[in-house]
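Every value quoted in this text rests on a predicted model; they were computed, and no experiment measured them.
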Amino acid sequence: MAIFSKSNVPQFSVDVYQNEYLPEGGREVNAIVTVTATGGGTIGSAVTAPHLFSPGEGPSAAVVLMVDCSGSMDYPPTKMRNARDATAAAIDTLRDGVHFAVVGGTHVAKEVYPGGGGLAVADAATREEAKQALRKLSAGGGTAIGTWLGLADRLLASADVAIRHGILLTDGRNEHESSEDLQAALDACAGRFTCDARGVGTDWEVKEVTAIASALLGTADIVADPAHLAADFTHMMETAMGKEVADVSLRLWTPVGTTVKFVKQVAPTVGELTGRRTESGPRAGDYPLGSWGDESRDYHVCVEVPPAGIGREMLAARISLVVPQPDGDVRNLGAQGLVRAVWTDDMAASTSINPQVAHYTGQAELAEVIQEGLDLRKAGNFDGATAKLGRAVQLASASGNADTAKLLAKVVDVVDATTGTVRLKAKVEEADEMTLETRSTKTVRVKK
């Protein structure tokens, strides 16, 4: 383990968990990489330009809140009121000095506050002005989320800040633009800001909301009861205010002849990173990890090495962490982890599966079979759905993922969790099914 330590800079560490032993001719090497950031505070030139920070107040940040104002937000009328109240609660949570704006989203995107194509700077006066502006929000029109994201991107780009973040609320499907238009907007915004997405009620499309959060390295969740929006928005904003380092990337170097099979986040949620690699030099590539506060996340790295004979060993991969600098270069955060491969004729050593690797392989499968099971259920393939969701119950039970097990129990009757024997419930509340689908990627961490 290596630690990046400098006064007032979050310390990043990398720990690697693996079974490095392979049988003769073995090629696949798996490792769980734990990245941890601790001891943050005001960070200066070691991570980015010192002028971007307000002394004693943490890194400078900009946040745009995107609030669905489409016609469906009037059904029931309390939904729009709850959205206004939730946005007001989030604004109250803003740290003084943070740049912010509110966007009202329909089939077009409109600046609600401050207007003029820019951002306000949070203080007592601007927070009150913003809350006054929220009272004018009313429901009417369609839904074109790509336009909301495009406006948020332009507003966030207008501020010279370290952290750029969006919070997006929708209650309906993205019916007034094509899926290609939304994907184009996500592609344009990826890497420019992070975004948390929330669906309120039960008339929105889970895959749309989770795709937004995945593309923009944020979180996705359901708020089935609009009355709970304020608490959720407050928590999201508190988390955003805790971010201290933006645009961290995991840099993976591999030797000649080695192929990267995949890189994925496995805790606190499952997320695919393999296709997001950008080349960063000979045999090296960067995978985006988003913004960080004091937190820890786990990643599964799988590489394929050239086969070798008994007694040989090699460095299969080297992992480091980097952040961009204002001059266009990157800075290495000093934390490094090594993935090794050692060929042995000790059958017990080479066939043993590292507990961390085994645990997260199961967690990734859990997320996958839940999605497959729910899709099969919607398609009317009840036998297939029963088999997949039964496997999900078995995996949740074996890994101790109690939260997911509780959500599954609202969709299936569990006969035997150990064997995965279940029966589909004849009637399932739509909110329960959507909650399971939305939260299917949430994992529990292995006990190390």
Test item: T210 side-chain N/O and V206 main-chain N/O as donor-acceptor pair under 3.5 Å | yes
Side chains of L137 and V112: does their closest heavy-atom pair fall under 4.5 Å?
-> yes
Are a donor atom and an acceptor atom from the side chains of H165 and D196 found within less than 3.5 Å of each other?
-> yes
Side chain proximity check, M80 to C69, heavy atoms < 4.5 angstrom | yes
Just jot down the side-chain hydrogen bond (donor to acceptor under 3.5 Å, both in side chains) partners of S399, sequence neighbours excluded, or say none.
-> Q363
Would you mind reporting whether V14 and T34 have side-chain heavy atoms less than 4.5 Å apart?
-> no
Does the distance from a Lys or Arg side-chain N to an Asp or Glu carboxylate O, for R164 and D247, drop under 4.0 Å?
-> no
With the threshold set at 4.0 Å, does a side-chain nitrogen-carboxylate oxygen contact exist between E238 and R95?
-> no
Where the side chain of E208 meets the backbone of R173, is there a donor-acceptor pair that is under 3.5 Å apart?
-> no
Within 6.0 Å of CG in D383, more than 12 heavy atoms from elsewhere = no
Think R198 forms a cation-pi with W204, using NZ or CZ under 6.0 Å from the six-ring centre and within 45 degrees of its axis?
-> no
Give the minimum heavy-atom separation between V103 and A109, together with the two atoms involved.
-> CG1-CB, 4.1 Å
Taken in chain and number order and not counting sequence neighbours, the residues that satisfy salt bridge (charged side-chain N to carboxylate O under 4.0 Å, His left out) with E279 are R277
Closest non-hydrogen contact found for P324 with A246 is CD-O, 4.3 Å
Pair T170-D68, side chain to side chain donor-acceptor pair (under 3.5 Å): steps then yes or no | CA-CA 5 Å; T170 184; D68 193 335; 2.9 Å; yes
Do Y113 and F100 have their ring centres less than 6.0 Å from each other?
-> yes
Does the pair K388 and D375 meet the rule for a salt bridge (Lys or Arg N to Asp or Glu O under 4.0 Å), with working shown?
-> CA-CA 10 Å; K388 292 292 184 181; D375 286 345; over 6 Å; no
Evaluate side chain to side chain contact (heavy atoms under 4.5 Å, CB included) for I370 paired with L436, printing each intermediate quantity in order.
-> CA-CA 8 Å; I370 288 173; L436 174 61; 3.8 Å; yes
Step by step, work out the side chain to side chain donor-acceptor pair (under 3.5 Å) result for S296 and R445.
-> CA-CA 10 Å; S296 182; R445 303 194 79 168; 3.1 Å; yes
Apply salt bridge (Lys or Arg N to Asp or Glu O under 4.0 Å) to the pair E437 and K378, showing each step before the final yes or no.
-> CA-CA 12 Å; E437 184 175 4; K378 291 174 187 174; 3.0 Å; yes
In Å, rounded to the nearest 0.5 Å, how long is the span from CE of M66 to CD1 of I145?
-> 9.5 Å
Would you tell me whether T259 and E304 have side-chain atoms, one donor and one acceptor, within less than 3.5 Å of each other?
-> no
Between G373 and A385, which heavy-atom pair has the shortest distance, and what is it?
-> O-CB, 3.4 Å
Which value, rounded to the nearest 0.5 Å, describes the distance between E368 atom CD and L366 atom CG?
-> 10.5 Å
For E177 and G146, indicate whether the former's side chain and the latter's backbone hold a donor-acceptor pair under 3.5 Å.
-> yes
Is the backbone of G172 close enough, under 3.5 Å, to the side chain of S72 for a donor and an acceptor to pair up by distance?
-> no
CD1 on I91 to CG on L134, rounded to 0.5 Å = 4.5 Å
Side-chain atoms of residues 114-123: list all donor-acceptor pairs with protein atoms under 3.5 Å, sequence neighbours left out, distances to 0.1 Å.
{"from": "D123", "atom 1": "OD1", "to": "A125", "atom 2": "N", "distance (Å)": "3.0"}
{"from": "D123", "atom 1": "OD1", "to": "T126", "atom 2": "N", "distance (Å)": "2.8"}
{"from": "D123", "atom 1": "OD1", "to": "T126", "atom 2": "OG1", "distance (Å)": "3.1"}

Value rounded to 0.5 Å, distance of CG in L333 from CH2 in W292 = 10.5 Å
Is the shortest heavy-atom distance from the side chain of C302 to the side chain of E28 under 4.5 Å?
-> yes
With sequence neighbours excluded, give me every side-chain hydrogen bond (donor to acceptor under 3.5 Å, both in side chains) pair touching residues 138-159.
-> D153-R192
Identify the heavy atoms of F193 and G166 that sit nearest to each other, and give their distance.
-> CD1-N, 4.0 Å
Is a salt bridge present between K243 and E295, judged by a nitrogen-to-oxygen distance below 4.0 Å?
-> yes
Would T278 and D286 count as having a side-chain donor-acceptor pair, cut-off 3.5 Å?
-> no
Sequence neighbours excluded - side-chain hydrogen bond (donor to acceptor under 3.5 Å, both in side chains) pairs with any residue from residues 74-84 | K79-D171
Does T386 reach the main-chain N or O of R423 with its side chain, forming a donor-acceptor pair under 3.5 Å?
-> no
So, D221 and R439, do they make that salt bridge, N to O below 4.0 Å?
-> yes
Under the criterion side chain to side chain contact (heavy atoms under 4.5 Å, CB included), which of I319, L252, V248, V301 is the partner of Y287?
-> L252
Taking all atoms of both residues into account, what is the closest heavy-atom pair of V16 and A31, and its distance?
-> CG1-CB, 4.0 Å
Out of curiosity, I353 CD1 to N30 CG, how far, rounded to the nearest 0.5 Å?
-> 9.0 Å
Contacts under 3.5 angstrom, residues 405-418 side chains, donor-acceptor by atom type, not counting sequence neighbours:
{"from": "D413", "atom 1": "OD1", "to": "K425", "atom 2": "NZ", "distance (Å)": "2.6"}
{"from": "D416", "atom 1": "OD1", "to": "T418", "atom 2": "N", "distance (Å)": "2.9"}
{"from": "D416", "atom 1": "OD1", "to": "T419", "atom 2": "N", "distance (Å)": "3.4"}

So, do L289 and L273 sit near enough that their side-chain heavy atoms are less than 4.5 Å apart?
-> yes
Side chains of T435 and D432: is there a donor and an acceptor less than 3.5 Å apart?
-> no
Measure from the side-chain N and O atoms of N354 to the backbone N and O of V357, and report whether any donor-acceptor pair falls under 3.5 Å.
-> yes
Under 4.5 Å between any side-chain heavy atoms of M237 and L65, yes or no?
-> yes
T441 vs T269, side chain to side chain donor-acceptor pair (under 3.5 Å): CA-CA, chis, key distance, verdict | CA-CA 5 Å; T441 59; T269 59; 5.0 Å; no
Of all heavy-atom pairs between S214 and R276, which one has the smallest distance, and what is that distance?
-> O-NH1, 2.8 Å
Decide if atom NZ of K131 counts as having more than 12 heavy atoms of other residues, nucleotides or ligands within a radius under 6.0 Å.
-> yes
Measuring from H99:NE2 to D160:CG, what's the distance to the nearest 0.5 Å?
-> 8.0 Å
Sub-6.0 Å ring centroid separation between F262 and H300 = yes
Going by heavy atoms in the side chains, are L169 and V200 under 4.5 Å from each other?
-> yes
Side-chain contact, heavy-atom cut-off 4.5 Å: I167 with C195?
-> no
Donor-acceptor contact below 3.5 Å, side chain T106 vs main chain G142 | no
